[in-house]
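Only one structure is covered here, and it is reproduced in the block below.
All heavy atoms count here, side chains included; hydrogens, waters and symmetry mates do not.
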Amino acid sequence: MDYLQTIIIAIVEGLTEFLPVSSTGHMIIAQGLLGVESTPFVKAFTVIIQFGAILSVVCLYWRKFFYPETMQTKGYTWWQAIWHFYLRLIVGVLPAVVLGLSFNDFIESNLGNVTLVAVMLIVGGVFMLFCDRLFNKGSEATPLTLRRALVIGFVQCISMIPGVSRSMATIVGGMSQRLTRKAAAEFSFFLAVPTMFGATCLETYKLIAHGEGNILLEGNNLTLLLLGSVVAYVVAIAAIKFFISYVTRYGFKAFGWYRIVAGALILLLMACGVDLAMVD
């Protein structure tokens with residue numbers, strides 16, 4: 001993988017990680033179109049650069065992570081506010097941890113399935129055309145309880161199917177619990193931090209456990225990882241700001257149509273003989 005391919009894939013990651021369009025699906029397609037060889041390093045790269053994207057969340061919402069507003073609005077002490085915030089993240093990420101470890105082999109075996117990605121893009125897109133109508137009862141007064149955080153965490157697990165989108169699953173999960181679109185989207189961002197950090201650590205551990213940890217340091221691989229993470233970080237900041245502003249005003253219908261068109265285009269290209277799978 002060269003520098004140009006690294007930058008393009010990182011841009012795709014930063015743009016799509018927090019949008020309800022499936023970042024994994026888009027990176028798989030981008031790698032296929034770019035002719036990127038499927039190697040242990042490339043597979044690790046696509047997961048590890050997500051760390052750059054999650055840093056953008058911490059940067060944009062640093063007060064939420066280090067100085068929660070609930071301390072001011074509800075009279076909590078700093079420790080109580082921190083516990084209140086992080087306990088919900090822990091509860092929300094638990095289902096992904098348990099199911100992710102349990103079905104890790106199934107997830108990895110289907111990760112590069114382009115047909116599945118395309119179909120799930122379309123299915124998810126059709127759903128998003130109607131989700132605003134189905135879950136339009138959100139209220140700013142709705143508290144994010146532990147039960148609601150757990151439900152959102154279970155819904156997030158649907159995104160283990162390539163093409164579903166973690167962002168879409170968690171936002172819809174939040175709206176189903178009567179959170180507003182903005183509140184659901186922001187909790188989706190917060191939940192991405194422990195979820196994606198855990199995925200990064202797991203991928204790194206698997207490389208080390210299989211004796212392949214040295215590939216991260218081979219040649220210019222470490223430089224590619226750093227470059228990809230920085231690009232994903234910068235692009236993700238812009239994507240988050242756009243998404244929150246847009247979805248609060250207009251909802252999800254545009255993203256639904258985008259998913260349908262993208263999925264249909266992928267199936268059409270495959271029907272025309274274009275190979276979008278990563279090169280083995």
Side chain of [X], backbone of [Y]: donor and acceptor closer than 3.5 Å?
X: Thr142; Y: Arg178; result: yes
X: Gln5; Y: Leu34; result: yes
X: Arg259; Y: Val123; result: no
X: Arg166; Y: Ser23; result: no
X: Arg88; Y: His84; result: yes
X: Thr248; Y: Ile244; result: yes
X: Thr195; Y: Ala192; result: no

[X] vs [Y] side-chain heavy atoms within contact, under 4.5 Å:
X: Gln177; Y: Val155; result: no
X: Ile8; Y: Leu4; result: yes
X: Gln156; Y: Ser188; result: no
X: His26; Y: Val21; result: yes
X: Pro20; Y: Met128; result: yes
X: Ile171; Y: Val247; result: no
X: Leu121; Y: Ser22; result: yes
X: Leu150; Y: Pro95; result: yes

Open item on the list: Against Ile11, only a single residue in Thr6, Val231, Val234 fulfils side chain to side chain contact (heavy atoms under 4.5 Å, CB included); can you say which?
Closed with: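 When Thr6, Val231, Val234 are each tested with Ile11, the side chain to side chain contact (heavy atoms under 4.5 Å, CB included) holds only for Val231.
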TODO: Kindly assign one of parallel, tilted or perpendicular to the pair Phe18 and Phe189, based on the angle between their ring planes and the thresholds 30° and 60°.
DONE: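 Rings of Phe18 and Phe189: perpendicular, as their planes differ by over 60°.
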Hydrophobic cluster membership, with links at side-chain heavy-atom distances under 4.5 Å among I/L/V/M/F/W/Y: are [X] and [Y] in one?
X: Phe130; Y: Trp257; result: yes
X: Leu146; Y: Phe187; result: no
X: Val93; Y: Val58; result: yes
X: Trp83; Y: Trp78; result: no
X: Tyr86; Y: Val193; result: yes

Rounded to the nearest 0.5 Å, how far does [atom2] of [Y] lie from [atom1] of [X]?
X: Leu267; Y: Thr115; atom1: CG; atom2: OG1; result: 7.0 Å
X: Phe242; Y: Tyr246; atom1: CZ; atom2: OH; result: 6.5 Å
X: Phe65; Y: Cys59; atom1: CZ; atom2: SG; result: 11.0 Å
X: Gln31; Y: Ile9; atom1: CD; atom2: CD1; result: 4.5 Å
X: Leu179; Y: Ile152; atom1: CG; atom2: CD1; result: 5.0 Å
X: Leu225; Y: Met1; atom1: CG; atom2: CE; result: 7.5 Å

Open item on the list: If hydrophobic residues (ILVMFWY) are linked whenever their side-chain heavy atoms come closer than 4.5 Å, directly or via other members, who joins Leu268 in its cluster?
Closed with: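 None; Leu268 is a cluster of one.
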Task: Whichever hydrophobic residues join Val261 through chains of side-chain contacts under 4.5 Å - done: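 Besides Val261, the cluster holds no residue at all.
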Open item on the list: Can you confirm whether or not the ring centre of Phe190 sits under 6.0 Å from the ring centre of Tyr61?
Closed with: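 Aromatic pair counts; centres sit under 6.0 Å.
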TODO: List for me each residue that meets salt bridge (Lys or Arg N to Asp or Glu O under 4.0 Å) alongside Arg181, sequence neighbours excluded, and say none if there are none.
DONE: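 Per chain and number, Arg181 pairs via salt bridge (Lys or Arg N to Asp or Glu O under 4.0 Å) with Asp132.
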Open item on the list: Looking at every heavy atom in both Glu17 and Ala53, which two are closest together, and how far apart are they?
Closed with: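 Closest approach of Glu17 to Ala53, heavy atoms only: CG-CB, 4.2 Å.
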